Amino acid sequence: MVSDYILIKMRKSQILQPNPLEFDNQVFDLAFHPQQNIIASGLITGEIFCHRYSCETDAENINLLSIRPHKKSCRGLEFSYDGTALFSVSKDKSIQVIDLETGKVLTKKRGAHDKPINCVLRLNENSLATGDDDGCIKVRGLPAMNECVICLITSVYEPSGDGTLSIYDIRKPNLLAMSDNQDDELLSVTVVKVITGTQGGVINLFSWGEWGDSNDRFVGHPNSVDTIVKITEDLVCTGSSDGIIRIIEILPNKFYGVIGDHGDFPIECIRISFDNTFLASCSHDNVVKFWDIRYLYDDKTDDHNDETDTNMEYIESDTDYNNKGKGKSIAAIGQSNNFFADL
């Protein structure tokens, strides 16, 4: 783990982010609208909310939609390609399509899976993939939602509880490749290379086309890596069960800094906005937090020796963050899962 200070270019004027969203119950999943400043939140109660967020001074987030389409927890959300509809999946095994303008359910498919559904992914403007607790993946055409694939062992670019990663070509009903067992439960995945977060806190890196075994390992997270999101081709953001949201660099592998935290609550989900302006995170504290990440798209370390740039700030390393307390590090950056089985 990095032990020295890391320099990040950050303009103070950019550290302006929407107010947090507070709910009465735990938030399971988040989805950003593909074109507008709208975020959807799915709750353990089966409720779904959509808010229009703003980072203008004293601006309030506007509640656009409040609906409870599911009898059990809403585990996954995904906007349609044009953003006019919202897909939701649930422990009740249903898939629902909600009209964003009217708030009405356009389509409801009960019993879409034999087991509770825990994730949904829009593959393109014509197809949607859903995965359940038993490792079954179904790919459906839109908008009729006709099933075209029945089941996979694990999902497309999706980690699994048995420690393997499976790769599937949605154009063909064939499993392309499956990795060796990684000797740990895989909890999260993103594509930079192909990166999976594990129960033990190790990040495995796979080279494209070489799926037998990971060819690199990133160690240093003290707890499980439950969620990952890609920032750039060499930066990813991780959410861990220790409640900390970290930025890490890939090849060379190193901790780059800390975005923020949810106290001692594990990070359930992190998502990036359509315009790469904000990161949103949720945890067991019933709060959705926004984080300004525009500074991450500036040059990261090329101005280490520039003493005249007054917009530069030092960010404490992850070690210092853990040892000295979370509050100090968050001030420095501009602030002055497996849970389904029990639901």
Side-chain angles (χ1 to χ4, degrees), residues 21 23-53 61 63-134 136-147 155-156 158 227 229 268-274 280-283 286 288 337 339-341 343:
L21 302 173
F23 298 94
D24 293 332
N25 294 282
Q26 182 187 335
V27 182
F28 257 11
D29 198 25
L30 304 170
F32 276 104
H33 192 282
Q35 301 169 4
Q36 302 181 43
N37 292 345
I38 296 175
I39 188 170
S41 307
L43 275 59
I44 190 174
T45 56
E47 296 171 284
I48 295 173
F49 294 85
C50 285
H51 288 84
R52 185 179 299 278
Y53 57 88
N61 300 314
N63 187 2
L64 303 177
L65 172 67
S66 299
I67 186 174
R68 189 184 179 187
H70 298 287
K71 296 180 180 179
K72 297 183 180 180
S73 56
C74 175
R75 295 179 170 183
L77 295 170
E78 185 76 287
F79 278 98
S80 63
Y81 188 80
D82 60 5
T84 59
L86 181 66
F87 303 101
S88 65
V89 297
S90 170
K91 184 183 178 181
D92 65 14
K93 307 175 186 178
S94 73
I95 302 174
Q96 307 208 23
V97 185
I98 302 166
D99 186 296
L100 192 62
E101 183 176 355
T102 66
K104 295 182 179 180
V105 175
L106 298 176
T107 304
K108 181 173 183 178
K109 186 172 182 63
R110 296 182 176 87
H113 282 249
D114 294 332
K115 299 292 183 179
I117 309 173
N118 59 38
C119 59
V120 58
L121 176 67
R122 188 189 70 239
L123 302 176
N124 51 48
E125 58 185 308
N126 299 313
S127 57
L128 189 77
T130 54
D132 67 28
D133 285 353
D134 206 30
C136 176
I137 301 301
K138 296 185 178 182
V139 181
R140 294 177 168 86
L142 300 176
M145 297 179 65
N146 297 317
E147 294 181 15
S155 59
V156 183
E158 193 72 17
T227 178
V229 69
E268 188 73 32
C269 172
I270 51 176
R271 296 286 185 264
I272 190 170
S273 63
F274 73 97
S281 61
C282 64
S283 183
N286 306 346
V288 174
N337 204 345
F339 191 63
F340 294 139
L343 301 179

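In this text the structure is predicted, and so the values were computed from the model without any measurement.
- Taking 4.5 Å as the limit, every side-chain heavy atom of Phe49 sits out of range of all side-chain heavy atoms of Ile39.
- Residues Ile95 and Val120 form no side-chain contact, since every pair of their non-hydrogen atoms from C-beta on lies 4.5 Å or further apart.
- At least one side-chain heavy atom of Arg271 sits less than 4.5 Å from a side-chain heavy atom of Thr227.
- Annotation: the span from Asn118 atom CG to Asp132 atom CG amounts to 7.0 Å, rounded to 0.5 Å.
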Start with the C-alpha gap between Leu21 and Val27, add the side-chain angles, then the distance that decides, and say whether side-chain contact (heavy atoms from CB on, under 4.5 Å) holds.
CA-CA 10 Å; Leu21 302 173; Val27 182; over 6 Å; no
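- Annotation: side chain of Glu125 is not in contact with side chain of Asp82 (no heavy-atom distance under 4.5 Å).
- Side-chain atoms of Ser90 do not come within 3.5 Å of backbone N or O of Lys93 as any donor-acceptor pair.
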Run the side-chain contact (heavy atoms from CB on, under 4.5 Å) check on Asp134 and Asp114 step by step: do they pass?
CA-CA 9 Å; Asp134 206 30; Asp114 294 332; over 6 Å; no
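- At a cut-off of 3.5 Å, with distance as the only test, a side-chain donor of His70 or Ser94 sits close to an acceptor on the other residue.
- Side-chain contact check for Leu64 versus Leu100: every heavy-atom pair is 4.5 Å or farther apart.
- Residues Ser273 and Tyr53 meet the side-chain proximity criterion, which asks for heavy atoms closer than 4.5 Å.
- The two atoms that bring Ile98 and Ser88 nearest to each other are CD1-OG, 4.2 Å, heavy atoms only.
- If you take CD on Gln35 and OG1 on Thr84, they are separated by 9.0 Å, rounding to the nearest 0.5 Å.
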Applying salt bridge (charged side-chain N to carboxylate O under 4.0 Å, His left out) to Arg110 and Asp92, what does each step give before you reach the verdict?
CA-CA 8 Å; Arg110 296 182 176 87; Asp92 65 14; over 6 Å; no
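- Looking at Val288 and Phe23, their side chains come closer than 4.5 Å, going by heavy atoms from C-beta outward.
- Within the 4.5 Å cutoff, side-chain heavy atoms of Glu78 are placed close to those of Leu121.
- Side chain to side chain, Thr130 and Arg140 meet the donor-acceptor criterion of an N or O pair below 3.5 Å.
- Going from atom CD1 of Ile38 over to atom SG of Cys50 covers 7.0 Å, rounded to the nearest 0.5 Å.
- Note that the CG atom of Leu86 and the CG atom of Leu106 stand 10.5 Å from one another [nearest 0.5 Å].
- For the atom pair CG of Asn25 and OG of Ser73, the computed distance is 11.5 Å after rounding to the nearest 0.5 Å.
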Run the side-chain contact (heavy atoms from CB on, under 4.5 Å) check on Cys136 and Lys115 step by step: do they pass?
CA-CA 8 Å; Cys136 176; Lys115 299 292 183 179; over 6 Å; no
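- When atom types are taken as modelled, the side chain of Arg75 and the backbone of Phe28 share no donor-acceptor pair closer than 3.5 angstrom.
- Within the model, atoms OH of Tyr81 and CZ of Arg122 stand 7.5 Å from one another, a figure rounded to the nearest 0.5 Å.
- In this structure, Asp99 contributes its side chain and Ala85 its backbone to no donor-acceptor pair below 3.5 Å.
- Here the shortest heavy-atom pairing between Leu77 and Cys74 reads CD2-SG, 3.7 Å.
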